[in-house]
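Everything numeric here is computed off the predicted structure, so don't read it as measured data. When a residue number appears, it is its place in the shown sequence, counting from 1.
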Amino acid sequence: MSSPRFRVGYAFSPKKERSFILPSLLDYAKLHGIDLVRIDPLIPLIHQSPFHCIIHKLYDPSWIQQLRDFTSQFPDVVIVDPPELISRLLNRDSMLQVVNQVKLPEGYERIDTPKQVVVNDLDVLVKNGLHAFTDLGLKFPVIAKPLESNGSERSHQLCLVSNDSGLKGLNPPIVLQEFVNHGGVVFKVYVVGECVVCVTRKSLPDISPEDLEKLEAVSSFSKISNSGTPVDNNEGNVEMPSLDFVMHVAAGLREATGLRLFNFDLIRDSNDLNRYLVIDINYLPGYAKMPNYEPFLTKFLLDVVHKRSGGGGAFSSSYVNENEVVFC
């Protein structure tokens with residue numbers, strides 16, 4: 001008797017499809033009973049069905065409406081994830097607010113977010129100089145990020161601003177986020193349903209007051225933490241966050257966002273080693289950069305179609321190597 005097969009549709013931009021739907025994923029999923037099928041957003045979904053599940057990362061209003069119309073007719077098709085939940089992560093002002101909802105048991109390190117403000121009009125800051133800047137509760141250096149975080153090229157155009165002169169060339173609306181020294185390491189935590197993978201990547205180095213004086217007014221560092229360069233423990237004495245801590249933060253964010261496919265960037269405050277900060281959260285990130293992503297995604301999809309995904313199941317845990325932790 002043949003095993004059941006499941007049809008999972010995916011709706012991505014061409015760029016996202018090229019980076020996510022790799023032949024290795026198609027083959028591995030097919031081997032385990034999942035047929036990944038490309039959805040054309042310009043053709044009604046009902047003409048491309050049936051589907052057991054749909055995964056998507058398109059933000060066009062016409063696509064979102066089509067998805068809602070389809071789910072009203074076929075409520076049993078699992079949508080990963082609902083557009084109204086994803087939308088919260090498309091704005092860097094609302095994105096990190098969910099971190100406040102994460103509750104950790106006593107005895108764990110603290111979880112926090114950097115101070116940040118949304119600036120829609122730079123003229124006030126530029127005209128009033130440092131006084132207006134400090135009134136916002138910030139001090140240099142700061143990281144300037146576009147307000148929108150929709151995966152576009154512009155949304156990745158981050159820069160480090162070291163003084164008030166650097167504010168002049170920025171393009172609002174923007175988020176100004178305090179820069180926290182963190183040992184030049186970012187922990188990228190990938191959440192795939194109930195599986196979590198934590199890897200270390202190089203980030204901006206710590207900046208001393210003396211270093212700050214030597215920096216250019218504004219320095220671009222687009223995608224620096226996405227370079228894919230693992231941290232060399234021999235260079236930086238990198239200590240991974242504890243297994244339980246990452247597990248609880250990931251589970252808390254999964255519950256707060258209602259999302260099942262996302263990642264978040266975590267740093268450790270160099271001046272307070274009991275304080276970790278979430279600095280970014282992304283929906284359906286570049287999972288292909290995650291070690292052995294094919295089994296994780298396939299397991300998740302099988303869980304979804306069997307209606308066993310989501311809902312705070314227990315994790316088992318193990319170290320894969322010095323710079324990678326996996327929970328499933």
Side-chain angles (χ1 to χ4, degrees), residues 81-82 84-119 136-139 142-151 155-156 158 173-183 185-201 203-204 225-226 239-285 310-312 315 325 327:
D81 277 302
E84 61 272 15
L85 299 181
I86 298 171
S87 63
R88 192 170 188 176
L89 299 190
L90 304 184
N91 180 299
R92 286 193 167 99
D93 185 32
S94 60
M95 172 195 295
L96 297 185
Q97 293 174 8
V98 295
V99 179
N100 297 327
Q101 300 175 42
V102 176
K103 306 300 180 185
L104 301 178
E106 284 189 34
Y108 285 92
E109 297 92 337
R110 303 192 315 278
I111 190 68
D112 203 353
T113 58
K115 294 177 183 177
Q116 65 177 35
V117 295
V118 176
V119 178
L136 295 175
L138 296 173
K139 62 179 181 179
V142 293
I143 300 172
K145 303 180 177 184
L147 180 60
E148 288 190 348
S149 178
N150 56 10
S155 70
H156 292 296
L158 281 55
I174 57 170
V175 169
L176 296 179
Q177 186 181 88
E178 72 168 324
F179 177 80
V180 178
N181 283 333
H182 53 282
V185 175
V186 61
F187 303 104
K188 301 193 78 69
V189 183
Y190 295 90
V191 179
V192 188
E194 294 179 6
C195 285
V196 179
V197 178
C198 177
V199 297
T200 57
R201 293 290 182 263
S203 181
L204 291 177
S225 67
N226 289 325
E239 181 181 349
M240 294 289 290
S242 71
L243 296 170
D244 286 345
F245 176 75
V246 175
M247 176 185 74
H248 280 294
V249 174
L253 287 175
R254 190 174 63 238
E255 181 177 353
T257 61
L259 300 173
R260 290 168 282 189
L261 293 177
F262 65 95
N263 83 331
F264 59 96
D265 290 350
L266 191 68
I267 60 173
R268 191 179 194 183
D269 189 340
S270 294
N271 297 317
D272 182 353
L273 297 182
N274 287 318
R275 180 184 183 229
Y276 284 88
L277 301 97
V278 176
I279 58 173
D280 208 9
I281 308 174
N282 300 288
Y283 181 68
L284 220 161
F315 290 128
V325 186
F327 311 92

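- Evaluated for a side chain to side chain contact (heavy atoms under 4.5 Å, CB included) with H182, the options N271, I267, D269, I279 yield exactly one hit, I267.
- Listed by first and then second residue, the ring pair (Phe, Tyr, Trp, His ring centres under 6.0 Å) pairs involving residues 86-108 are Y108-H248 (not counting sequence neighbours).
- Checking each of V119, L147, N91 against P173 for a side chain to side chain contact (heavy atoms under 4.5 Å, CB included) leaves exactly one that passes, namely L147.
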Verdict with supporting geometry, F264 and V249, side-chain contact (heavy atoms from CB on, under 4.5 Å)
CA-CA 10 Å; F264 59 96; V249 174; 3.8 Å; yes
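- For E148, the CD atom counts as loosely surrounded, since its 6.0 Å shell holds 12 or fewer non-hydrogen atoms of other residues, nucleotides or ligands.
- Counting all heavy atoms, side chain and backbone alike, L277 lies closest to P114 at CD2-N, 3.6 Å.
- Within the 4.5 Å cutoff, no side-chain heavy atoms of Q101 are placed close to those of E255.
- Every residue meeting the side chain to side chain donor-acceptor pair (under 3.5 Å) condition with Q116, not counting sequence neighbours, appears here in chain and number order: Q177.
- Across all non-hydrogen atoms, the minimal contact from Y276 to P241 is OH-CA, 3.6 Å.
- To the nearest 0.5 Å, the span separating CG on L261 from CD1 on I86 amounts to 9.0 Å.
- Remark: I111 CD1 to N274 CG distance equals 12.0 Å, nearest 0.5 Å.
- Enclosure of atom CD in E109 by more than 12 non-hydrogen atoms of other residues, nucleotides or ligands within 6.0 angstrom is indicated.
- Each of D81, V189, L253 was checked for a side chain to side chain contact (heavy atoms under 4.5 Å, CB included) with F262, and the lone residue meeting it is L253.
- In this structure, D93 has no side chain to side chain donor-acceptor pair (under 3.5 Å) partners at least two apart in sequence or on a different chain.
- Looking at N263 and K188, their side chains come closer than 4.5 Å, going by heavy atoms from C-beta outward.
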